[in-house]
Amino acid sequence: MTSRRTPPFGRALCAMITPFTDEGLLDLDGAQRLADRLVSEGCDGLVLSGTTGESPTTTDAEKSALVRAVVDAVGDRAAIVAGIGTADTRHTVELALEAEKAGADGLLVVTPYYSRPPQDAVEAHFRAIADACGLPLVLYDIPGRTGTRIEPETMLRLAGHPRIVAVKDCAYDLLGTQKVLARTELAYYTGCDEYVLAMYAIGGAGYISTVANVTPRHFRSILDAFDGGDPDEAVRLQQLTIPLTELMMASGLPGSVTAKALLGALGLPSGPVRAPLRPAGRDAVDGLRAAYAELTAHSDMVGAS
């Protein structure tokens, strides 16, 4: 087995959806119930107000209220990481300070999007946030969404900051990832559900998963099998997730839409998505339910759900 860094927020993290009421208001009671379920079902940490949590359409006040409610619900049973990323450094610093006041344990900070800043500006952005608050940072590298990569050389320099401790990696560049893993103590969490085992096997810290909103135990079982010295079982468990992961993450619908559709179909807190997103259609929901049923039928063999 490869040696690995001690994960700062645990191994198994869920990028939690943000439940809304039927009227589209923030559903704090639903958020608390969902958070409690996810933690009870094996999540070490919850990432709030990421893209899966519809952060572009929630207000600053809603983001803070969500952190407070979820911290209240799970206490010290799980780490709470607050998504604070925006395209504006000043605004991002304000959100960082508010999340710290609300009780978050860490911050998820995405690369500034749309404006496509050069690497020196990307580095300065992250340093400004890390310097402004006392919480550890997870840098979110997802160039397919932001238009800008955090290049490996930039990551190497940022790794020297005492509060930059981890990366949510959606760059689809395992070579670049391994370069940084080999030369830093940064904890790498994959944000791509199909890479859970692959990232873990090369020394990653674990995952920040959207699909774990509905199957938290099964995704944790992949890491448990690998850590237990049974890589063949870990491969089997990872492969079982393929149909559901493909429908949730690669069907042309955003993960927030598919996760909410399936959670709602299962009678769990979810609610509508906010415009410009639109709800999944009936055919998509039926496909999600069928893939979920297939996965959970196999998961029963390992005590997962």
Residue pair [X] / [Y], side-chain heavy-atom distance below 4.5 Å:
| X | Y | answer |
| --- | --- | --- |
| R149 | D173 | yes |
| C170 | C192 | yes |
| F126 | L139 | yes |
| R282 | V285 | yes |
| L26 | L28 | yes |
| M248 | V214 | yes |
| P269 | L263 | no |
| I80 | L48 | yes |

At what distance, to the nearest 0.5 angstrom, does [atom1] of [X] lie from [atom2] of [Y]?
| X | Y | atom1 | atom2 | result |
| --- | --- | --- | --- | --- |
| T241 | H298 | OG1 | NE2 | 12.0 Å |
| R33 | L38 | CZ | CG | 12.0 Å |
| K179 | L175 | NZ | CG | 5.0 Å |
| R217 | T215 | CZ | OG1 | 12.0 Å |
| K101 | C133 | NZ | SG | 12.0 Å |
| L97 | L135 | CG | CG | 9.0 Å |

Which pairs with one or both residues in [range] pass side chain to side chain donor-acceptor pair (under 3.5 Å), sequence neighbours excluded?
| range | value |
| --- | --- |
| residues 258-269 | E54-K260 |
| residues 71-81 | D36-R77 |
| residues 104-120 | Q119-T154 |

Quiz item: Going through the distances and angles, do R11 and R220 end up as a side-chain contact (heavy atoms from CB on, under 4.5 Å)?
Solution: CA-CA 8 Å; R11 302 174 303 155; R220 186 183 184 94; 3.2 Å; yes
State, to 0.1 Å, how close [X] and [Y] come at their nearest heavy-atom pair, and which atoms those are.
| X | Y | value |
| --- | --- | --- |
| L247 | G287 | CD1-O, 3.4 Å |
| G10 | Y189 | O-OH, 2.7 Å |
| T51 | S55 | N-OG, 4.0 Å |
| L288 | L244 | O-CD1, 4.0 Å |
| L253 | A280 | CD1-CB, 4.1 Å |
| G103 | V71 | O-CG2, 3.6 Å |

Any donor-acceptor pair under 3.5 Å linking the side chain of [X] with the backbone of [Y]?
| X | Y | value |
| --- | --- | --- |
| T59 | E62 | yes |
| D141 | A171 | no |
| E98 | L95 | no |
| H218 | L237 | yes |
| T190 | M199 | no |

Practice problem: Answer yes or no: does atom CZ of R289 have more than 12 heavy-atom neighbours from other residues, nucleotides or ligands under 6.0 Å? | Solution: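 No, the 6.0 Å shell around CZ holds no more than 12 heavy atoms from other groups.
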Self-check item: Pair I84-L108, side-chain contact (heavy atoms from CB on, under 4.5 Å): steps then yes or no
Solution: CA-CA 6 Å; I84 60 161; L108 177 72; over 6 Å; no
In the single-linkage hydrophobic clustering (I, L, V, M, F, W, Y; side-chain heavy atoms under 4.5 Å), do [X] and [Y] co-cluster?
| X | Y | answer |
| --- | --- | --- |
| I222 | I208 | no |
| V39 | L66 | yes |
| L277 | I142 | no |
| L262 | F219 | yes |
| I150 | V109 | yes |

Quiz item: When you look at V138 and L107, which way does the side-chain contact (heavy atoms from CB on, under 4.5 Å) test go after all the steps?
Solution: CA-CA 6 Å; V138 182; L107 305 171; over 6 Å; no
Quiz item: For residues T210 and T52, is any side-chain donor paired with an opposing acceptor at under 3.5 Å?
Solution: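 Yes, side-chain donor-acceptor contact under 3.5 Å.
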Exercise. Examine the side chains of K63 and T58 and answer whether a donor and an acceptor come within less than 3.5 Å of each other.
Key: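 There is such a pair (donor and acceptor under 3.5 Å, judged by atom type) between the side chains of K63 and T58.
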Exercise. Start with the C-alpha distance between D193 and T245, add both sets of side-chain angles, then the distance that settles side-chain hydrogen bond (donor to acceptor under 3.5 Å, both in side chains), and finish with yes or no.
Key: CA-CA 7 Å; D193 291 82; T245 294; 5.3 Å; no
Quiz item: Taking it one step at a time, do V165 and L186 satisfy side-chain contact (heavy atoms from CB on, under 4.5 Å)?
Solution: CA-CA 5 Å; V165 301; L186 289 173; 5.5 Å; no
Quiz item: Would you say the ring centroid of F226 lies under 6.0 angstrom from that of Y200?
Solution: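 Under 6.0 Å, so yes.
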Side-chain donor-acceptor distances from residues 12-22 under 3.5 Å, at least two apart:
residue : atom : partner : partner atom : Å
T18     : OG1  : G53     : O            : 2.7
T21     : OG1  : E23     : N            : 3.3
T21     : OG1  : E23     : OE1          : 3.3
T21     : OG1  : G24     : N            : 3.4
T21     : OG1  : L25     : N            : 3.1

Exercise. Determine, stepwise, if the pair R236 / D232 fulfils salt bridge (Lys or Arg N to Asp or Glu O under 4.0 Å).
Key: CA-CA 6 Å; R236 185 186 77 84; D232 289 342; over 6 Å; no
Quiz item: With sequence neighbours left out, which residue pairs that include part of residues 155-172 fulfil the salt bridge (charged side-chain N to carboxylate O under 4.0 Å, His left out) condition?
Solution: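 As it turns out, the salt bridge (charged side-chain N to carboxylate O under 4.0 Å, His left out) pairs with a partner in residues 155-172, which skip direct neighbours, are E123-R157.
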Quiz prompt | Partners meeting side-chain contact (heavy atoms from CB on, under 4.5 Å) with A132 (sequence neighbours left out) | solution =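 Residues passing side-chain contact (heavy atoms from CB on, under 4.5 Å) with A132: V93.
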Practice problem: Carefully, step by step, assess Y207 and Y195 under the rule ring-ring contact (aromatic ring centres under 6.0 Å, His included). | Solution: CA-CA 9 Å; Y207 57 77; Y195 274 15; over 10 Å; no
